[in-house]
Q: 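Let me give you the structure first, and then I'll get to my questions.
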Amino acid sequence: MANDIGQDKKKPSPTQVGEGFFKVDVGGRYYNINAQVDTIQALLATLPDPGVPTPPPAGRVAARRAHQLQRRLTDADRGAIIAAYEAGSSDKHLAVEWQLAKASVLTILRTGGANIREQRRLSDDEVNYAITRYHDGESLQRIGEHLGVAHTTIRTALERRGVPRRDTHGQPR
């Protein structure tokens, strides 16, 4: 009787319940997981075989959208984009209308031989005016509206001149 403490307790023995699954009683005689294991086994039996590919859902056509522009747009579509741009539509408007990226529209225009319009640049007087208005507390949006350009154009011009930005409350960043 060297160490008979715990000798009278029966040690749990694992029993195999499925391929790679063992049932082990870890909670003692008051813990019974048989019902839970049976439920899990029933659920596992309903799952499809992982080695077999799943068929597409019934009633739906598995249509894949072509990512490359030459597969998505016909020559007529490209011609319509070029004609609309040359008639005065902006590249941004065409990108939204045709659900393309602006860079994709520009690629179509360049490969189609269209003359790409230059973006409006601010003159030195306009930039100086914007800096003065910005220092006076005017927002980038209002300055842009007054000069007829986007607020990002004003922000870029100010950054190029080294003007420190401020937050929406007028505090320096």
Side-chain angles (χ1 to χ4, degrees), residues 18-21 36 39-173:
E19 187 174 359
F21 296 100
Q36 295 168 346
T39 304
I40 291 173
Q41 285 177 337
L43 288 172
L44 285 173
T46 63
L47 292 176
D49 184 15
V52 177
T54 57
R60 287 188 4 185
V61 178
R64 293 179 52 185
R65 185 176 138 203
H67 290 284
Q68 294 183 345
L69 287 176
Q70 61 264 27
R71 292 186 188 156
R72 246 190 313 169
L73 297 175
T74 64
D75 289 337
D77 293 338
R78 294 173 195 280
I81 291 172
I82 293 169
Y85 183 77
E86 289 176 344
S89 289
S90 69
D91 49 2
K92 185 177 179 180
H93 174 76
L94 291 170
V96 171
E97 181 181 342
W98 287 88
Q99 297 179 354
L100 298 170
K102 182 180 170 186
S104 298
V105 171
L106 290 173
T107 300
I108 291 168
L109 295 173
R110 284 189 189 105
T111 57
N115 290 327
I116 307 296
R117 294 187 294 266
E118 289 292 320
Q119 293 182 349
R120 175 163 147 33
R121 298 220 178 235
L122 296 176
S123 67
D124 285 338
D125 291 338
E126 289 174 320
V127 173
N128 292 334
Y129 173 78
I131 291 171
T132 304
R133 299 264 314 253
Y134 188 72
H135 282 309
D136 290 342
E138 195 80 33
S139 71
L140 296 175
Q141 183 69 35
R142 286 210 180 166
I143 298 169
E145 288 171 359
H146 185 267
L147 294 175
V149 295
H151 70 281
T152 54
T153 303
I154 302 297
R155 184 187 69 219
T156 303
L158 295 179
E159 285 174 350
R160 285 185 181 149
R161 291 279 185 96
V163 176
R165 294 200 37 215
R166 61 177 189 265
D167 64 10
T168 56
H169 303 290
Q171 303 299 319
R173 289 187 178 198

Q: Would you name the heavy atoms of Ile82 and Gly112 that are closest together and state the gap between them?
A: CD1-CA, 3.5 Å
Q: Apply side chain to side chain contact (heavy atoms under 4.5 Å, CB included) to Arg78 and Asp75, showing your working.
A: CA-CA 5 Å; Arg78 294 173 195 280; Asp75 289 337; 4.1 Å; yes
Q: Looking at Ile81 and Leu94, what are the two nearest heavy atoms and their distance?
A: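 Ile81 and Leu94 have their closest heavy atoms at O-CD1, 3.7 Å.
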Q: Taking atom OG1 of Thr153 and atom CD of Glu126, what is their separation to the nearest 0.5 Å?
A: 10.5 Å
Q: Please name the pair of heavy atoms, one in Arg161 and one in Val127, separated by the smallest distance, quoted to 0.1 Å.
A: CZ-CG1, 3.5 Å
Q: If you round to the nearest 0.5 Å, how far is NE2 of His151 from CD of Glu145?
A: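 One gets 10.5 Å once the value is rounded to the nearest 0.5 Å.
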Q: Return yes if some donor-acceptor pair links the side-chain N/O of Arg166 with the main-chain N/O of Tyr134 below 3.5 Å, else return no.
A: yes
Q: Tell me whether Asp136 at atom CG has more than 12 heavy atoms from other residues, nucleotides or ligands lying less than 6.0 Å away.
A: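 Yes, CG of Asp136 has more than 12 neighbouring heavy atoms, counting only those of other groups under 6.0 Å.
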Q: A side-chain contact here means heavy atoms from C-beta on lying under 4.5 Å apart; do His146 and Arg133 qualify?
A: yes
Q: Supply the atom-to-atom distance Leu109 CG to Glu86 CD, rounded to the nearest 0.5 angstrom.
A: 8.0 Å
Q: I'd like to know whether Arg165 forms a side chain to side chain contact (heavy atoms under 4.5 Å, CB included) with Leu158, so could you lay out the CA-CA distance, the side-chain angles of the two residues, the decisive distance to 0.1 Å, and finally the verdict.
A: CA-CA 8 Å; Arg165 294 200 37 215; Leu158 295 179; over 6 Å; no
Q: I want to check a possible cation-pi pair here: Arg117 against Tyr85, using under 6.0 Å from ring centre and within 45° of the ring axis as the test.
A: yes
Q: After noting the C-alpha distance and the side-chain angles of Glu159 and Arg155, does the key distance pass the side chain to side chain contact (heavy atoms under 4.5 Å, CB included) rule?
A: CA-CA 6 Å; Glu159 285 174 350; Arg155 184 187 69 219; 3.7 Å; yes
Q: Report the distance from atom CH2 of Trp98 to atom CG of Asp77, rounding to the nearest 0.5 Å.
A: 4.0 Å
Q: Would Leu43 and Leu47 count as a side chain to side chain contact (heavy atoms under 4.5 Å, CB included) here? Give the steps.
A: CA-CA 7 Å; Leu43 288 172; Leu47 292 176; over 6 Å; no
Q: Say you draw a straight line from CD1 of Ile108 to CG of Leu106; how long is it, rounded to the nearest 0.5 Å?
A: 9.5 Å
